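Every number for a ligand or one of its atoms is a count from 1 in the order of the listing. Source: prediction; values computed, not measured.
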Amino acid sequence: MPDRAPQPVDRQLPTEEARDLITLVRDIAAQEIVPSAAEEEDAGRFPRELFTLLSQSGLLGLPYDSEYGGGDQPYEVYLQVLEELAAARLTVGLGVSVHSLASYALAAYGTKEQQVEHLPAMLGGGMLGAYCLSEPHSGSDAAALRTRAVRDGDDWVITGTKAWITHGGIADFYTVMARTGDEGPRGISAFLVPGDAQGLSAAVPEKKMGMKGSPTAQVHFDGVRVPDARRIGEEGQGFAIALSSLDSGRLGISACAIGVAQAALDEAVAYAADRRQFGKPIADFQGLRFMLADMATQIEAGRALYLAAARLKDAGRPFAKQAAMAKLHCTDTAMRVTTDAVQILGGYGYTADFPAERYMREAKVLQIVEGTNQIQRMVIARHLVGPEER
Ligand SMILES: Cc1cc2nc3c(=O)[nH]c(=O)nc-3n(C[C@H](O)[C@H](O)[C@H](O)COP(=O)(O)OP(=O)(O)OC[C@H]3O[C@@H](n4cnc5c(N)ncnc54)[C@H](O)[C@@H]3O)c2cc1C
């Protein structure tokens, strides 16, 4: 019988260094992530020590400048690393993506002085970041946020509650969008808040459908005082910084989604080759062969789409529309492919004895975070026909 075990994804990588990086990530995934992923997700355990290892291995600052502790890698490479990590365990892939999102504001908009002071610890010094935009009453309408920062001498005093914060309560730094001016997007500024700041606390993490190992919590700012030297960008520029961070972050979500989808396809292929019904492997039935073919095709299309957007970004060209398209397509693909994988495994697919059901629960959140897929369609449409009339 031919070998039908899944093969590692054959990646197009621009350099020898990038190929070495993928080999390193596959080794870490096989040895340190996959063996404990199901058990730790079940127990809701966040693998903090793994993030220390990723930082020591240079994998927490890949797309940033090596002058500040980053890895100098193009997005084309960084995203493929993320895809491999997410295929091993979404809590890890998404955690790296959120850390990168949280680092973006300072790396792209910070002053040289701020970057020299903070970035090396953030990008390669073992720190873990969180990105604080959403609030209990403002999710998709993020510009309606109410957390306020009030000037007091050389300091700002931040008061309010952020919601749904990935790494809330365990992060070493929080990139926080807070209102410093009038209502609306132009009244918002960005701040870099240390995790041990007085007055910062986190609620008990949410009980989620999936990604239970990744803590998601409300974060309270009760008169948190930060010096003006921790304000990122200009006063009133915070919302533009938040949106620009999300353009890149959405590419990270796209890559994570394709990682989860690929893991589910690999599981389905291996199972279909092994499981026999009616005297032959179920992989011989055309009904399932066509499903597998469709799953693989959607995944390849998703990978090509996020890589095309990444290459635009790497070339310094506008990529926001393509990032929204990639997020929409890749996360919808992850939902569809993981659902089909459960179907291919039959009754076993619906049990925790196989990872297919975990992949399906994990895929769902990717259609929601960093702008729901309805919001992605709004972004794409704006690029096509301009803004909606108010
Ligand atoms: C596990 C998890 C981790 C997260 N991590 C973070 C994080 O680290 N940092 C952070 O800041 N946020 C984070 N979020 C928040 C996430 O970004 C929001 O949940 C998301 O933006 C949607 O906001 P909402 O949940 O308030 O939904 P709402 O905005 O209330 O939307 C509800 C529904 O209405 C739809 N909708 C809203 N407006 C429109 C419209 N104009 N047209 C059509 N449909 C619309 C939405 O698509 C959705 O289906 C996280 C969320 C989750 C679940």
### Task
For residues 25-72, pull every pair meeting ring-ring contact (aromatic ring centres under 6.0 Å, His included), keeping only residues two or more places apart or in separate chains.
F46-F51, F46-H167

## Note on the structure
Nearest heavy-atom contact between P35 and A29 is CD-O, 4.0 Å

### Message
To the nearest 0.5 Å, what is the distance between CD1 on I170 and OG on S214?
### Response
7.5 Å

### Task
Indicate whether the side chain of Q298 and that of D294 have a donor and an acceptor atom separated by less than 3.5 Å.
no

Could you go through ligand 1 and list every pair where one of its N or O atoms sits under 3.5 Å from a protein N or O, giving the atom names and the distance to one decimal?
{"from": "ligand 1", "atom 1": "5 (N)", "to": "W164", "atom 2": "O", "distance (Å)": "2.7"}
{"from": "ligand 1", "atom 1": "5 (N)", "to": "T166", "atom 2": "OG1", "distance (Å)": "2.8"}
{"from": "ligand 1", "atom 1": "8 (O)", "to": "T166", "atom 2": "N", "distance (Å)": "3.0"}
{"from": "ligand 1", "atom 1": "8 (O)", "to": "T166", "atom 2": "OG1", "distance (Å)": "3.3"}
{"from": "ligand 1", "atom 1": "9 (N)", "to": "Y131", "atom 2": "O", "distance (Å)": "2.8"}
{"from": "ligand 1", "atom 1": "11 (O)", "to": "L133", "atom 2": "N", "distance (Å)": "3.0"}
{"from": "ligand 1", "atom 1": "11 (O)", "to": "S134", "atom 2": "N", "distance (Å)": "2.8"}
{"from": "ligand 1", "atom 1": "11 (O)", "to": "S134", "atom 2": "OG", "distance (Å)": "3.1"}
{"from": "ligand 1", "atom 1": "12 (N)", "to": "S134", "atom 2": "OG", "distance (Å)": "2.7"}
{"from": "ligand 1", "atom 1": "14 (N)", "to": "W164", "atom 2": "O", "distance (Å)": "3.4"}
{"from": "ligand 1", "atom 1": "29 (O)", "to": "S140", "atom 2": "N", "distance (Å)": "2.9"}
{"from": "ligand 1", "atom 1": "29 (O)", "to": "S140", "atom 2": "OG", "distance (Å)": "2.6"}
{"from": "ligand 1", "atom 1": "47 (O)", "to": "T372", "atom 2": "OG1", "distance (Å)": "2.6"}
{"from": "ligand 1", "atom 1": "47 (O)", "to": "Q374", "atom 2": "OE1", "distance (Å)": "2.7"}

### Task
List in chain and number order the residues that pass side chain to side chain donor-acceptor pair (under 3.5 Å) with Q322, two or more places apart in sequence or in another chain; answer none if no residue qualifies.
none

### Query
What ring-ring contact (aromatic ring centres under 6.0 Å, His included) pairs are there with at least one residue in residues 219-238, not counting sequence neighbours?
none

